[in-house]
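Just so it is clear, the model here is predicted, and its values are computed rather than measured. In what follows, chains are A, B, ... by sequence order, proteins preceding strands, each numbered from 1.
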There are 2 protein chains.
Amino acid sequence: MPTDGPGSANPARTLGLLWGPQDRTGRSGLSIRAIVDAAVDLADTQGMDAVSMRQVAEKLGVGTMSLYTHVPGKTELTELMSDRALADLYRDVDEPRSQGDWRSGMTFVAHRNWDLYLRHPWLLELLGFRPVVGPHLSDKYEAELRPLDGIGLSDVEMDSALTLVLTHVEGAARAHQAQIGARQESGRTDAQWWVQVGPILEKVMDTDRFPVSGRVGSAAGQAHQAPGDPRHMLDFGLARILDGVHGLIGNRG
Amino acid sequence: MPTDGPGSANPARTLGLLWGPQDRTGRSGLSIRAIVDAAVDLADTQGMDAVSMRQVAEKLGVGTMSLYTHVPGKTELTELMSDRALADLYRDVDEPRSQGDWRSGMTFVAHRNWDLYLRHPWLLELLGFRPVVGPHLSDKYEAELRPLDGIGLSDVEMDSALTLVLTHVEGAARAHQAQIGARQESGRTDAQWWVQVGPILEKVMDTDRFPVSGRVGSAAGQAHQAPGDPRHMLDFGLARILDGVHGLIGNRG
DNA sequence: GTCTAAGCCGTACGCTGTACGGTACGACGT
DNA sequence: ACGTCGTACCGTACAGCGTACGGCTTAGAC
């Protein structure tokens with residue numbers, strides 16, 4: 001019985017919680033929705049580490065164990081959180097309707113997901129487990145597939161292409177979050193980090209052993225003033241990926 | 001002071017540990033290398049959750065607090081682990097030398113990283129923080145840049161392209177690990193999961209509201225017999241990405 | 001009014017990382 | 001050979017975690 005990391009032991013139970021009514025309140029006003037909202041708020045403001053059953057309960061003015069009346073455990077709570085986080089940004093399925101070409105549509109999708117991760121960075125810590133198919137994720141999936149519909153991809157290719165874009169954004173967001181986190185932990189900006197660490201690395205990495213990476217690493221470091229630039233990474237990768245998808249269409253004739 | 005999540009508060013200290021001598025042993029045979037090896041072995045066989053200071057110490061037949069003589073804390077230990085994990089696969093910098101075209105070279109790089117994550121899945125849990133620039137990562141960076149050298153990319157583009165490929169592989173590996181983890185947690189295969197959950201989803205997702213995703217999701221589910229196919233995801237994405245990079249070269253003339 | 005089910009929650013257990021202070025040993029100066 | 005000192009080692013303790021268990025309290029059915 002792991003104490004950490006989401007991943008419901010009983011998917012059916014979680015599905016019931018996700019799709020069922022979440023507003024049924026008990027006699028102290030407690031409800032699934034209230035619990036999840038409190039947890040999300042805690043995660044947004046103080047990070048996922050602050051989301052403990054004790055702290056969520058305290059925020060609600062309720063005993064710790066009362067939460068277990070409504071939620072089977074922390075695993076399920078985090079799964080509910082990850083669906084709730086999508087509620088803000090994907091309320092209207094129809095918004096990015098088929099206006100414009102597919103490329104600008106997918107760019108919109110990518111930036112929307114980027115914003116999502118900026119707003120709820122803790123989502124990155126919950127990902128990487130069996131996808132939680134909640135109502136809001138379904139809306140999201142529908143909305144994000146539409147730009148790819150009818151442009152010459154097979155159904156399976158549509159799914160693959162979307163997954164590719166979403167995975168890329170997730171990776172870029174993870175890199176971005178890495179910078180933020182490390183920055184405020186060390187109290188140093190990236191530029192300062194580069195100034196401090198750069199010389200050490202140059203000393204330890206003799207150019208004989210690292211001819212290519214010495215040159216390239218310096219160039220990239222100079223260009224970004226940091227060990228990496230997630231925002232540039234997002235745009236560069238998205239451009240290459242969309243080019244690749246374009247080629248997939250073209251080759252069909 | 002966070003109790004969880006790597007990210008050294010003192011990067012210089014970690015750098016010293018990474019690049020300095022790790023074999024200096026005390027009077028009970030304890031050394032940085034021994035500690036890190038024990039931790040890696042624990043993570044490989046029982047997952048990252050099993051890597052606690054107490055368990056590592058017990059595995060070494062040593063008191064828990066003795067570890068702190070050699071390692072400042074768990075944060076630094078995990079950083080040392082992530083560099084050590086690269087040791088097996090990237091011992092020889094020169095192996096994937098400029099034989100063959102760049103495309104097959106990068107395919108080799110991608111599969112090598114895929115293998116890395118299969119062998120040490122816990123690496124995925126440590127990523128997403130400031131990159132730990134250890135000696136083995138430096139070897140890796142050098143080796144992986146070489147296929148891209150001299151094919152018409154700028155230095156910054158070389159770095160971007162490599163990052164793109166590596167991020168993609170990481171995402172695919174994360175999806176793969178999600179399947180593994182959830183599978184052995186629920187005791188169900190993906191096919192069984194699909195059989196169990198599929199009907200529930202079809203009932204709850206009326207086709208009026210989800211016209212595109214209903215069709216595409218079914219097709220993808222049928223094709224993969226699972227909510228996703230990480231291995232297919234790896235190949236499909238890599239092909240699109242390399243096509244995109246090829247286009248970047250071609251456009252230059 | 002009574003009974004029952006469900007909501008609420010205090011306590012306790014085993015786990016975590018690590019601060020602190022004490023012990024014991026290896027090396028070195030004399 | 002002997003005292004001294006730095007350092008390796010480690011026992012204990014503390015705050016925090018998820019949650020099992022059992023008891024209390026209350027709303028609703030009859």
Is there any protein nitrogen or oxygen under 3.5 Å from a nitrogen or oxygen in nucleotides 24-26 of chain D, and what are the pairs?
unit_1 : atom_1 : unit_2  : atom_2 : d
D/dT25 : O2     : A/Arg27 : NH2    : 3.2

Given side chains that start at C-beta, do those of [X] and [Y] come closer than 4.5 Å, heavy atoms only?
| X | Y | result |
| --- | --- | --- |
| A/His232 | B/Thr163 | no |
| A/Asp159 | A/Tyr141 | yes |
| A/Arg84 | A/Arg33 | yes |
| B/Glu79 | B/Leu17 | no |
| A/Arg209 | B/Asp139 | yes |
| A/Leu30 | A/Thr69 | no |
| A/His176 | A/Leu234 | no |

Give the rounded distance in Å between these two atoms: [atom1] of [X] and [atom2] of [N].
| X | N | atom1 | atom2 | answer |
| --- | --- | --- | --- | --- |
| B/Glu76 | C/dT18 | CD | C1' | 12 Å |
| B/Leu60 | D/dA8 | CG | P | 16 Å |
| B/Glu58 | C/dG17 | CD | P | 13 Å |
| B/Ile35 | D/dA8 | CD1 | P | 11 Å |
| A/Asp49 | D/dA15 | CG | C1' | 15 Å |
| A/Leu67 | D/dA20 | CG | P | 14 Å |
| A/Lys74 | C/dT16 | NZ | P | 16 Å |
| A/Tyr68 | D/dG22 | OH | C1' | 16 Å |

- Do any side-chain nitrogens or oxygens of A/Gln55 fall under 4.0 Å of OP1 or OP2 in D/dC17? yes
- Message: Quick check on D/dT7: is either OP1 or OP2 less than 4.0 Å from any side-chain nitrogen or oxygen of B/His70?
- Response: no
- Item | Ionic contact status for B/Glu170 with B/Arg174, cut-off 4.0 Å | yes
- Does a salt bridge link B/Arg119 with B/Asp44, judged by any charged N lying under 4.0 Å from a carboxylate O? no
Quick one: which protein N/O atoms are closer than 3.5 Å to N/O atoms of nucleotides 10-14 of chain D? Pair and distance per line, please.
unit_1 : atom_1 : unit_2  : atom_2 : d
D/dC10 : OP2    : B/Gly63 : N      : 2.9
D/dC10 : OP2    : B/Ser66 : OG     : 2.7
D/dA13 : N6     : B/Arg54 : NH2    : 3.4

- Query: So what does A/Val71 touch, heavy atoms closer than 4.0 Å: a base, only the sugar-phosphate, or nothing?
  - Reply: nothing
